[in-house]
Each structure stands twice: as structure tokens, then as C-alpha cells.
Amino acid sequence: MQIATLTFNPIQENTYVLWDETLECAVVDAGNASDRENERLRRFIEEHGLTPRLAVNTHGHFDHVLGVEWLRRTYGIPFALSARDLFLVEHARTSGSVYGVPVGPMPERVDLDLDGLDEVRFGRTALRVVPTPGHTPGHVALYEPLSKTLFTGDTLFRESIGRTDLPGGNYSWIMRSILDRILPLGDDVRLLPGHGPESTIGHETLYNPFIVEVLQGEVNCSN
């Protein structure tokens, strides 16, 4: 599997284009928010000879969904998201206005509900769906086991974690998601987050202060 990172919109969100030898591709967290960014994504897809098959999202916050409807209309592909996060898409314009970000057309429905799905596929590639609630109720991570790559969305960043003070957020949930579902995947797993630079699980276990304080018993996240 090959991966390209395109950073879009004023929130500097990481949009990932994934493809394999079939040249079929998926777009993870399409954050393209303007005609210029749409053209940048379209040109990338065209120059690499790719055929989009899926727009899949780790969660429903506006900065991660800004380009989804453009993808759906341009390529006729389905939108995959946990239905638990659909309320965030429905209120994207309000959320965007708080940050001064114009929000264009949004998907009116989820075509593929990630709730209860074990994986999503494109070409010969399968992405395992790992539920990681906490930043949002329906947040998921997407894991490609052959390359040991995990798309963490806004659950886990390099030496930080996602906010839990937004609607639907919960600190105990996000920490349990990280400790119970992400760390067991192994130290050598590559982490590609929704914002900022990549990392590894091993690095986060040693240097992420939110993880370290729980592992050392300084903070109880069970409540």
C-alpha cells in the first residue's frame, strides 16, 4: 500500500490518499475545503492514474469532512463513517463558523456505516476498523496490518491526544481506546494522525505525557 499526505484547510488537517497495485484508492478524512484544494486532490489522483473507490472517515468533525461531498459528487464513491458521528456532520456549518472556516456542501447521509464493520476494502487492500471513541462517540482508527500502519484521526497525535471537551468527547473513553485498542498493536506500528507529524506506538508509549501518566499510575482514567 502506498500513502500520500495532503494537508488541507485552515485547521491544517491531514488528508490521506491510499492505493495499491490495482491503482484503486481510498481517501481518508477528506479535508479539502476550496476550489484550489479540490484541484490539488484531483490533480494528484489523475497524475497517479488512480481510481477512487471510497471516502472513509475516522470521525465526523467538520475539518475532516470538508471535501467528502466533493469526492462523492466528482467520483460517485460512497462515504464511510460511524453513524454515531453523523450529528457532527449535520452541525458542521455551526462548528466551522466558530473557527471562522466556511463550510460548503456536506453529505446528507452515511453510505457505509462503520459501526459493527470489521473492515473496509479497496483494490486488494483491507483496512481494519478499530473503534476508538473518546474524541467523538463514533471515532475509529483504520489499521492496515501488512504495512503496520494505523490512521489515528484525532484520537492520538505525536506526544498528545485529541480534545475531549467538545460535544460527545470523553477523557476516560479516549484513554481506554488508546490503552486497550491502540497500544496492543505493537511498538513498531506507524501512526498517521489527523493533524501534525507521524509517530509510532513505541514512541508514544515512552514520550506521550498523557499515556505515561496513566501507565505510571499518576492519573486514573477508569472513571
Side-chain angles (χ1 to χ4, degrees), residues 1-9 11-82 85 89 104-115 117-130 132 138-155 185 189-199:
M1 183 180 71
Q2 298 191 65
I3 304 167
T5 307
L6 305 175
T7 302
F8 288 136
N9 71 59
I11 314 298
Q12 293 293 280
E13 181 267 351
N14 293 332
T15 294
Y16 297 101
V17 182
L18 326 178
W19 70 99
D20 61 21
E21 66 273 19
T22 68
L23 297 183
E24 292 189 2
C25 73
V27 181
V28 176
D29 289 348
N32 42 303
S34 65
D35 290 343
R36 182 177 180 179
E37 291 181 343
N38 293 345
E39 177 60 20
R40 182 183 171 201
L41 179 55
R42 185 201 63 77
R43 188 168 61 249
F44 180 91
I45 290 170
E46 184 177 276
E47 289 175 351
H48 288 78
L50 305 179
T51 302
R53 293 300 188 196
L54 181 68
V56 57
N57 270 62
T58 59
H59 65 295
H61 279 151
F62 78 94
D63 52 320
H64 292 251
V65 189
L66 288 166
V68 168
E69 187 62 13
W70 178 84
L71 279 172
R72 290 180 75 248
R73 293 181 181 183
T74 302
Y75 298 104
I77 59 177
F79 171 39
L81 173 79
S82 167
D85 274 11
V89 179
M106 285 283 112
E108 295 182 356
R109 68 181 187 276
V110 172
D111 301 306
L112 187 62
D113 185 358
L114 296 180
D115 256 7
L117 284 186
D118 293 329
E119 63 180 28
V120 292
R121 303 184 67 91
F122 63 94
R124 297 191 179 98
T125 301
L127 300 176
R128 187 184 306 167
V129 177
V130 182
T132 54
H139 201 295
V140 303
L142 300 165
Y143 182 53
E144 203 288 300
L146 296 179
S147 62
K148 294 187 176 180
T149 302
L150 184 71
F151 300 89
T152 57
D154 286 3
T155 291
L185 293 174
V189 168
R190 179 188 183 192
L191 302 181
L192 295 179
H195 304 272
E198 67 178 78
S199 186

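Applying the side-chain hydrogen bond (donor to acceptor under 3.5 Å, both in side chains) rule to T51 yields no partners; only residues at least two apart in sequence or on another chain are considered. E108 meets the side-chain hydrogen bond (donor to acceptor under 3.5 Å, both in side chains) test with no other residue; sequence neighbours excluded. Here R42 pairs with E39, E46 under the salt bridge (charged side-chain N to carboxylate O under 4.0 Å, His left out) rule; sequence neighbours left out. Under the salt bridge (charged side-chain N to carboxylate O under 4.0 Å, His left out) criterion, R73 pairs with E69, not counting sequence neighbours. Residues forming a ring pair (Phe, Tyr, Trp, His ring centres under 6.0 Å) with F8 (at least two apart in sequence, or on another chain): none. Contacts of D113 classified as side-chain hydrogen bond (donor to acceptor under 3.5 Å, both in side chains), with partners at least two apart in sequence or in another chain: none.
With hydrogens and angles ignored, the 3.5 Å screen pairs a side-chain donor or acceptor of S34 with a backbone N or O of E37. No donor-acceptor pair closer than 3.5 Å links the side chain of Y143 to the backbone N or O of T152. Not one N or O on the side chain of H64 forms a donor-acceptor pair closer than 3.5 Å with the backbone of G60. At least one donor-acceptor pair under 3.5 Å links the side chain of D20 to the backbone N or O of T125.
There is no side-chain donor-acceptor pair under 3.5 Å between D63 and N9. Defined by atom type and a distance below 3.5 Å, a donor-acceptor pair is missing between the side-chain atoms of D29 and T15. For the residue pair H139/H61, the side-chain donor-acceptor check at 3.5 Å is not satisfied.
Residues L81 and V89 have side chains in contact (heavy-atom distance under 4.5 Å, counting atoms from C-beta outward). In this structure, V130 and L142 have side chains that are not in contact, with every pair of non-hydrogen atoms separated by 4.5 Å or more.
Residue L112 holds its CG atom at 7.0 Å from CG of L54, rounded to the nearest 0.5 Å. In this structure, the separation between OG1 on T58 and CG on L114 is 9.5 Å, given to the nearest 0.5 Å. Atom CD1 of I3 and atom OG of S147 lie 5.5 Å apart (nearest 0.5 Å). The line from OH of Y75 to SG of C25 is 8.0 Å long, rounded to the nearest 0.5 Å. Of the inter-residue distances, the one linking F122 atom CZ with W19 atom CH2 reads 10.0 Å to the nearest 0.5 angstrom. Taking NE2 of H195 as the start and CD1 of I11 as the end, the distance is 7.5 Å to the nearest 0.5 Å.
Remark: R128 does not engage E119 in a salt bridge, criterion side-chain N to carboxylate O under 4.0 Å.
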Assess whether side-chain hydrogen bond (donor to acceptor under 3.5 Å, both in side chains) is satisfied between N14 and T5, documenting all intermediate values. CA-CA 6 Å; N14 293 332; T5 307; over 6 Å; no
Checking side chain to side chain contact (heavy atoms under 4.5 Å, CB included) for the pair L18/L127: CA distance, chi angles, key distance, verdict? CA-CA 10 Å; L18 326 178; L127 300 176; 3.8 Å; yes
Using the side chain to side chain contact (heavy atoms under 4.5 Å, CB included) rule, take E198 and T149 through it: C-alpha gap first, then chi angles, then the decisive distance, then the call. CA-CA 10 Å; E198 67 178 78; T149 302; over 6 Å; no
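Annotation for L66 and A33: closest pair CD1-CB, 3.6 Å, computed over non-hydrogen atoms. Taking both residues in full, the closest heavy atoms of L71 and A30 are given as CD1-CB, 3.5 Å, listed atom of the first, atom of the second, then distance.
The distance between the ring centers of W70 and F79 does not fall below 6.0 angstrom.
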